[in-house]
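What follows is a set of notes on a single structure, which appears directly below.
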Amino acid sequence: MAQAVCDKLGYELKVEDMEFDAIVNSVKSGKADFGAAGMTVTEDRKKSVDFTDPYTTAEQVVIVKK
């Protein structure tokens with residue numbers, strides 16, 4: 001998806017693998033132009049992140065044997 005956006009806009013994509021917890025700070029500090037991850041939108045994250053419209057919702061569950 002990111003490659004398609006860069007192709008359309010004429011940018012070169014450089015993917016940098018990083019710890020999940022570092023994504024928001026990397027964008028905020030300017031180290032990264034954007035972050036792409038399966039990230040849950042929370043009120044706390046909304047204070048520092050400009051989210052796109054969510055494309056899916058998910059829940060985490062625990063499955064145990066009866």
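- Nearest approach of Met39 to Ile23, heavy atoms of both residues: CE-CG2, 4.2 Å.
- Remark: Glu43 engages Lys46 in a salt bridge (Lys or Arg N to Asp or Glu O under 4.0 Å) (not counting sequence neighbours).
- Heavy atoms from other residues, nucleotides or ligands lying under 6.0 Å from CD of Glu19 number 12 at most.
- Annotation: Phe51, atom CZ; neighbour count of heavy atoms from other residues, nucleotides and ligands within 6.0 Å is above 12.
- Linking Ile, Leu, Val, Met, Phe, Trp and Tyr whenever their side-chain heavy atoms come within less than 4.5 Å puts Phe20 and Val24 in one cluster.
- Hydrophobic clustering of Ile, Leu, Val, Met, Phe, Trp and Tyr side chains at less than 4.5 Å, counting indirect connections, keeps Leu13 apart from Met18.
- Tyr55 contributes atom OH, which lies 6.5 Å from atom CE of Met1 (distance to the nearest 0.5 angstrom).
- The 12-atom threshold is not exceeded at CG of Asp33, counting heavy atoms of other residues, nucleotides or ligands nearer than 6.0 Å.
- Of the inter-residue distances, the one linking Glu12 atom CD with Gln3 atom CD reads 9.0 Å to the nearest 0.5 angstrom.
- Cluster membership for Phe34 and Val5, using ILVMFWY side-chain heavy atoms within less than 4.5 angstrom, is not shared.
- Between Glu59 atom CD and Thr57 atom OG1 the span is 7.5 Å, to the nearest 0.5 Å.
- Between the NZ atom of Lys31 and the CG atom of Asn25 there is a distance of 10.5 Å, given to the nearest 0.5 Å.
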Take Val49 and Lys28 through the test side-chain contact (heavy atoms from CB on, under 4.5 Å) and record every step on the way to the result. CA-CA 8 Å; Val49 175; Lys28 284 174 60 175; 5.9 Å; no

Pair Val64, Val62 - check side-chain contact (heavy atoms from CB on, under 4.5 Å), show working. CA-CA 7 Å; Val64 295; Val62 176; 4.0 Å; yes

